[in-house]
Amino acid sequence: MGNRVTADNGNDLRARQLELIQCVGRTGYWEYHPAEQGQIILPVASQRLLCSILDCADDSYPTFIEILEPKELKRLTAAFEKALAEQQAFAIVLELQRGNTVAYLQLRGAPFESDGTPTRLAGTFHDITSEKRNEEQLTRQRDEMRTILDNFPGAISLCGPDLRMTAFNHQIMELLDFPPSLFDKGWVDFADLARFNAMRGEYGAGDPDEQVRAIVERAHNFQAHQIERLRPNGRWLEIRGTPIPSGGFVTSYVDITERKHIEAELVRAKEIAEAQREQLANLLDNSGQGFLSFGADMVVDAECSRACEAMLGGSPAGRHAAEVLFGEQQTHADLLRATIPLVVAESDPWICATMLSLLPGEFPRHERLFKAEYKRLENRRVMVILTDVTEQRLLEAKVEAERRRLEMIVSAVTDSRDFFDTVDAFREFITDGLPTLLNGPPSLRSRLVELYREVHTFKGLMNQFSFTHTPTALHVLESHLDAMRQHDAVPSSQQVEEIVRAVPLRALLDADLRVLREALGPDFVENGDRIVLSANQAEQLQQLAEKLLRGEPIDATTASMRRLLTEMEALHRVSFADALRNFDRVIRQTAARLEKIVAPLAVRVEGNAWIDTRVFRPFLRSLTHVFRNAVVHGIEDPDTRLEAGKDECGVITCTVTVDEGADTMTLTIADDGAGIDVTTLCERAAEAAILPANQITSLTQERILDLIFRDHFGTSTETTDLAGRGMGLAAVRNEVRKLGGDVVVESSPGDGSCFIFTLPYHVDVTLKTEASCRKSS
């Protein structure tokens, strides 16, 4: 099929009018002549219009054959043939394409007669490209809208200004339980939906018509809104309405049932957590303990127990932990600052616990004493638990004072000889010993050493009998003397005397003895040591006194009188074994304080060992240091002994052997403890410059062990009221040499130590006479 341009021989005006109509209306004219080889005839104006539609030059005059795809051409041919066959009008839309230009034409036509026979078709074509494209765009937008609606996570609807719902998705029927029949028309009035809900009680009790009227009236306001509604079936819906600028509104319905359940669970969980928090806070606030926490930045968290405010003088929240806890105690504060960041960064729980154990366990604050416990939390923070132990410590001090009071009373009653001997010796020291040591010869430094030794010994003796005030004062005096001794410059006699006189030793002794006066009466203290006589001895003394008063002569050669006089003369003699057994009290007291286990003191005597207390009393007093050192430095704690394969209970033994032929006796005091560390002794000797290092390495073990008897020398690095001054064993050697004896020490690592004393022993005439009297009787 082609097209042909024909000349217009008609009226020029009519042709121009037709051309103008075609140009303005974008409508062209065509004729189809089947008999003329299927030509489509276009007037010039229509031809130009077609060029304009296809955006080509006016002189190109494209034909339909050129611009129609085969499919489109086939459709057009079929339409022509049908119209001619049926002699009916037709209309068809064709897609034309030329180059990159695509256009749409709507052809309308009908048969007309030529020579009385309808053999041709004529009609118009109209450019509908814009309408077609608009239609396609609307279709695409409609499809996009439908896709959006169908994939919206809930129900959605669109109402026009007349409140007619013209767009919606299928979920609106599911979420709101609407029957599909309501939407059969493809749209539904908002009022009909409201009435359906009102009739089924969706809005609660009330007049359905009034409910519908109110709902429709609100909808006409076209105001944005958001509400949550619980449907009768238990489903929660979130309804959002958004007005459309041109009128109407879009409404979305989202099922929030699960969210509401979660919110309810969260509310319940929050209420439970809050209740638990309040319960815990009440518990902590009423526990009497302070709880606070902080991290590596050391800033205290806001959550603190109420007790913290009372303990620390204000709320610690937001303040630096070191300043809050320790205030002006700079050493404690610095230790906390250095330790906490390491603890927070450390992953090993055992290392964390070890580092925290190094922090101050107790510290004073605002005239109170607090116990601190440190715990690493899972959130990389540290919690401190504060407990006010002021009253507890005061009570413990009272209990300890009462325990010592009772122990002193029991000691005074059961061991009155040693007890009052110690009291008398101390009084003599205060009255005569101190003035001599302060002002007498030889040099002041020598006297200072002797004074220090005496104070150290009496401190141990007073502790042995559980005196309360005197041992504490002696410990303070001992510390002052030690500081003075270590000073490079030699102190003056006046300086030493001022330090000694500042300690009221006599008043403190009287304060301790006041306990005995109150418990046992003043006579018990004033009379002092008791001597126990048998009834027979008392009767004999009474008879002797009566004879002397009558002026009768006394025959001292009779056996009975000789025996009585011998017994009286031997009252100052005691069994060496009994004197040694009295030190079991020292062992038990020291072991209890150090939480060690030591068996009762074992004493074995070979031979007839008697000693005169008037001679041996200073030596016996000095032995306190040996027994105390055996527990402090020798016997290990139970765990260490078990690890070493020993019994957890340590053993200390005393063995006495008498050699009457040589007038000597040997005392051996041994323990099964750790022994003396010879290496440490050498190191301490080198540090103290006692001997040059090259000489120390050449010493025998016997010479090295002998170093422990030097003044101010020992292996302990810590000074306590039990030991650590390095003066005790020096005092022991001093006393044994005053008796004319000597002492050596033997030690084996892991097996214990042994002190061997060689002492004089004199069997005088009275003891031999006593023995012969027993035989004759």
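This chain uses plain numbering: 1 for the first residue, then up along the sequence.
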Stepwise side-chain hydrogen bond (donor to acceptor under 3.5 Å, both in side chains) test for Asp482 and Ser479: CA-CA 5 Å; Asp482 187 47; Ser479 299; over 6 Å; no
Met408 vs Val515, side-chain contact (heavy atoms from CB on, under 4.5 Å): CA-CA, chis, key distance, verdict: CA-CA 9 Å; Met408 186 175 70; Val515 174; 3.7 Å; yes
Working for side-chain contact (heavy atoms from CB on, under 4.5 Å), residues Val743 and Ile756: CA-CA 6 Å; Val743 58; Ile756 304 170; 5.9 Å; no
side-chain hydrogen bond (donor to acceptor under 3.5 Å, both in side chains) between Thr668 and Thr655, intermediate numbers included: CA-CA 5 Å; Thr668 302; Thr655 304; 5.7 Å; no
Worked verdict on Asp706 versus Arg733 for salt bridge (Lys or Arg N to Asp or Glu O under 4.0 Å): CA-CA 10 Å; Asp706 194 65; Arg733 170 167 280 184; 2.5 Å; yes
Chi angles and distances behind the side-chain contact (heavy atoms from CB on, under 4.5 Å) call for Leu437, Leu448: CA-CA 7 Å; Leu437 292 173; Leu448 184 61; over 6 Å; no
Derivation and outcome, side-chain contact (heavy atoms from CB on, under 4.5 Å), residues Val745 and Cys754: CA-CA 6 Å; Val745 63; Cys754 179; over 6 Å; no
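The number of heavy-atom neighbours closer than 6.0 Å to CD of Glu428, taken from other residues, nucleotides and ligands shown, is 12 or below.
Checking side-chain atoms of Lys596 against main-chain N and O of Val632 turns up a donor-acceptor pair under 3.5 Å. Remark: the backbone N or O of Val631 is not paired with any side-chain donor or acceptor of Thr590 at under 3.5 angstrom. Under the 3.5 Å distance criterion, the side-chain polar atoms of Glu648 are left unmatched by any main-chain donor or acceptor of Thr640. A donor-acceptor distance shorter than 3.5 angstrom exists from the side chain of Ser492 to the backbone of Gln495, with no hydrogens or angles considered.
The side chain to side chain contact (heavy atoms under 4.5 Å, CB included) check on Pro522 picks up nothing, with sequence neighbours excluded. Scanning for ring pair (Phe, Tyr, Trp, His ring centres under 6.0 Å) contacts around His332 gives Phe326, with sequence neighbours left out. Evaluation of the side chain to side chain contact (heavy atoms under 4.5 Å, CB included) rule for Asp388 yields Met311, Arg368, Phe370, Thr390 as partners, not counting sequence neighbours. Scored by the side chain to side chain contact (heavy atoms under 4.5 Å, CB included) test, Thr470 finds Phe426, Met462, Phe467, Leu474, Leu508, Leu509, Asp512 as partners (sequence neighbours excluded). The side chain to side chain donor-acceptor pair (under 3.5 Å) search around Arg405 returns Glu402, not counting sequence neighbours. Partners of Phe619 according to the ring pair (Phe, Tyr, Trp, His ring centres under 6.0 Å) rule, which considers only residues two or more places apart in sequence or in another chain, are Phe757. For the side chain to side chain donor-acceptor pair (under 3.5 Å) test, residues two or more places apart in sequence or in another chain that qualify with Arg737 are Asp742. With sequence neighbours excluded, the residues satisfying side chain to side chain donor-acceptor pair (under 3.5 Å) with Glu552 are Arg550. With sequence neighbours left out, the salt bridge (Lys or Arg N to Asp or Glu O under 4.0 Å) criterion links Glu636 to Arg641, Lys646. Contacts of Lys371 classified as side chain to side chain donor-acceptor pair (under 3.5 Å), with partners at least two apart in sequence or in another chain: none. Among residues two or more places apart in sequence or in another chain, the side chain to side chain contact (heavy atoms under 4.5 Å, CB included) test is passed with Pro600 by Asp584.
To the nearest 0.5 Å, the span separating CG on Asn629 from CG on Asp671 amounts to 10.0 Å. Between atom CG of residue Leu513 and atom CZ of residue Phe419 there is a gap of 6.0 Å, rounded to the nearest 0.5 Å. Here Thr468 contributes atom OG1 and Arg514 contributes atom CZ; the two are 11.5 Å apart, rounded to the nearest 0.5 Å. Interatomic distance, Met665 CE to Thr657 OG1, rounded to the nearest 0.5 Å: 11.0 Å. If you take OH on Tyr761 and CG on Asp659, they are separated by 11.0 Å, rounding to the nearest 0.5 Å. For the atom pair CG (Leu705) and CZ (Phe755), the distance works out to 9.0 Å, reported to the nearest 0.5 Å.
The minimum heavy-atom distance between Val500 and Leu477, with the atom names listed, is CA-CD1, 4.0 Å. For Gly460 against Arg628, the heavy-atom pair with the smallest separation is O-NH2, 3.1 Å. Across all non-hydrogen atoms, the minimal contact from Gln289 to Ile385 is NE2-CG2, 3.8 Å. Between Ala579 and Ile611, the closest heavy-atom pair is CB-CD1, 4.3 Å. Across Leu358 and Leu335, no two heavy atoms sit closer than the pair O-CD2, 3.5 Å. Taking each heavy atom of Val605 and Ala577 in turn, the nearest pair found is CG2-CB, 3.4 Å.
Taking a cutoff of 4.0 Å between a charged side-chain nitrogen and a carboxylate oxygen, Glu407 and Arg404 do not qualify as a salt bridge.
Between Pro364 and Gln329, the closest side-chain pair of non-hydrogen atoms falls below 4.5 Å. Proximity of Pro760 to Asp663: side-chain heavy atoms (C-beta onward) are nowhere separated by under 4.5 Å. In this structure, Val586 and Asn463 have side chains that are not in contact, with every pair of non-hydrogen atoms separated by 4.5 Å or more. The closest side-chain heavy-atom distance from Leu580 to Leu623 is below 4.5 Å.
Ring-plane geometry between Phe583 and Phe627 is classed as parallel, the angle between the planes falling under 30 degrees on a 0 to 90 degree scale with a further cut at 60. Under the 30°/60° scheme for interplanar angles, the aromatic rings of His625 and His456 are found to lie parallel.
Ser466 and Gln589 are linked by a side-chain donor-acceptor pair at a separation below 3.5 angstrom, with hydrogens and angles left out of the test.
Here salt bridge (charged side-chain N to carboxylate O under 4.0 Å, His left out) pairs that include residues 492-501, with residues two or more places apart or in two chains, are Glu497-Arg501.
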